[in-house]
Amino acid sequence: MAHESGSAAHAGLRPDDTIGSIVRRHAGATEVLEAMDVNHCCGAHLTVREAAALAGVSLDALLAALERISGGDPVQLDVRGLEPPQPMVRVLEALDRLAPGAELEVHHDRRPLLLYPQLDARGYVHETDEPEPGLVRIRIRRSGG
Amino acid sequence: MGGRDGPGLGPFPLIPLAYLLCAAVAFLVATAGVVWLAPEMAGHYYHPRLIALTHTVTLGWITIAIMGASYQIVPIVLERPLWSARLARWQLVLLVTAVSGMVAHFYLGTWPGLTAAAGLLAVGVVLHLLNIGLSMRGVERWTFTALLLALGHGGLAATTLFGLGLAVYHLRPILPADLFATLHAHVQLALLGWVAPMILGVAARVYPMFLRGPLPGRPARIAQVVGLGLGVPSVVVGLMAARWLLPLGAVAVSLAALSHAGWVLRTTRHRKRSRLGWGLRFALTGTVFITLAIVLGVALATDQLSGPRAALAYAVAILGGWVSLTIVGMMLEIVPFLVWYKAYASRAGREPVPALAALGSPRLEAFMYACLVGGMALLVGAAFVGEVAWIRTAGCLLLAGGLAFLAALCRMVRHLDPSRADIAGSMTAVIPRQP
């Protein structure tokens, strides 16, 4: 599971992500890239799409291999203690970069009632529970994902 | 998943915004009224023009602002959908008409018109109580804020009933007690039964959110609910029938107010937000005036002080010092958020949006702070000694602060139409993404 505290970063992968950013975010990415002959050192500035083309491997295969090491667990985003409207902004920024099929798990200190209409309008489904006092957990994924 | 997480906010945030802006206009009118009516303020408080000014403050400014805040608090904090947005809109039209009518008729001293306007106001209040009551029906958790909101709306109903009785009294003398006893009970019901619980309840949610400080603890919550719940009826009965209850009621209410002030001090000291904005400074300064109001209130209740001068100074300390500065402060925090939400929430995450701070005007707010805090402090002293020149000076300071307040709100509201708002500079202050 990817853990992010108050940040908009995420584990979901997209073809336009750079190799460097993936290596920084995911332990084990280096081995996957080396196994597929993708240069993660000099080619760190390249996007996944460009790096796949350069190495002569299928983009889908490379993304699938990287997705495996990033895991299928939801990305966690902790926005507790942030001043309004930063929790909403952080969540929406994280969702904007969330990979198809990935899930965002937000940790909040209250039910974000103003966030829900924004999620509905953007086609996300969401579920909220309170696993412990002071922690409100919202799981968000794209509708149909 | 999906919609079942949210209560359905309806036309939020335009309804609370409309109420808050109407209230701000009334505040400006009231500050001009202090300048205009300085000679009357140096005399007895039971003067038609002073009562007109008092109702501009209590109804036009404070009540409409609190009602607007209720339409934000109920869906967001109590997680209950607003029963009828349409009713809330019509209610505002009714209230503005009724308050304008009451203030005008008080000023002119025309009692049949006053009674008609008071009747219209009572209809508006009943609509509000109906809307809030039906919205709160089915609240799952009776939190501290929910309890105080319920208590406050009970106080509003009682205040309106007493007010209606006093309005009718000018045509038919049918009061259950002496005129001044009923008048004082009406005033205390408004201050302690309606306004105080609403401010305490809203502050318990808003201050920790913006200060990032602790919520009120259990002892503070109990002291506030029990203090107001027992103290307000004791004060009212003490004023009207059993004088011995008055000091007991005053002590109970004072304990509630001190408990609130103590919690505000604690949450401010233990806050995680390092720098205080002007909105929070206003609200915290307002809390300081509670101490002054308690001293004057207890002295009046125990007959250590008496007469119109001390009573007027008490009213200014509580209505102007505590309540008004607190509401101004809360509005400086809440209005930018409501505007930001309406104008930019749908774009957030997709494109750069201005930071919340970009909607404020720190210099204007600093100017407001100096004028309003200085003006309120001066007005308490000037009302106590009954000096016209000092009352007028305080009024001028308040008027300057009121103008700056309205200007600051107008600058915020311009963002509702981003093409008209001057956001070119503020767009550089995009909410930063964490590395």
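In this text, all values refer to a predicted model and were calculated from it rather than measured experimentally. Letters A, B, ... mirror the listed sequences (proteins, then strands); counts begin at 1.
The pair R141(B)-E130(A) meets the salt-bridge criterion, since a charged nitrogen lies less than 4.0 angstrom from a carboxylate oxygen.
Within 6.0 Å of CD in E140(B) there are 12 or fewer heavy atoms belonging to other residues, nucleotides or ligands. The number of heavy-atom neighbours closer than 6.0 Å to CZ of R86(B), taken from other residues, nucleotides and ligands shown, is 12 or below.
If you measure heavy-atom distances from R110(A) to chain B, the contacts under 4.5 Å come from the side chain alone. The contact between F210(B) and chain A is made by backbone and side chain atoms together, counting heavy-atom distances below 4.5 Å.
Every ring pair (Phe, Tyr, Trp, His ring centres under 6.0 Å) that Y369(B) has, sequence neighbours left out, goes to W278(B), F282(B). Taking P112(A) as the reference, H108(A), L115(A), Y116(A), I138(A) meet the side chain to side chain contact (heavy atoms under 4.5 Å, CB included) condition, with sequence neighbours excluded.
D96(A) CG to E351(B) CD: the interatomic distance, rounded to the nearest 0.5 Å, is 10.5 Å. The distance from the CG atom of L114(A) to the CD atom of Q72(B) is 7.5 Å, given to the nearest 0.5 Å. Atom OH of Y341(B) sits about 4.5 Å away from atom CD of Q118(A), to the nearest 0.5 Å. Here the CE-CG distance, from M209(B) to D109(A), works out to 8.5 Å after rounding to the nearest 0.5 Å.
V89(A) and A348(B) make their closest contact through CG2-CB, 4.3 Å (heavy atoms, listed as atom of the first residue, atom of the second, distance). Of all the heavy atoms in A345(B) and M88(A), the pair that sits closest is CB-SD, 3.9 Å.
Contact of the L113(A) side chain with the P75(B) side chain is not registered, since no non-hydrogen atoms from C-beta on lie closer than 4.5 Å.
No donor-acceptor pair under 3.5 Å is formed between the side chain of R97(A) and the backbone N or O of G349(B).
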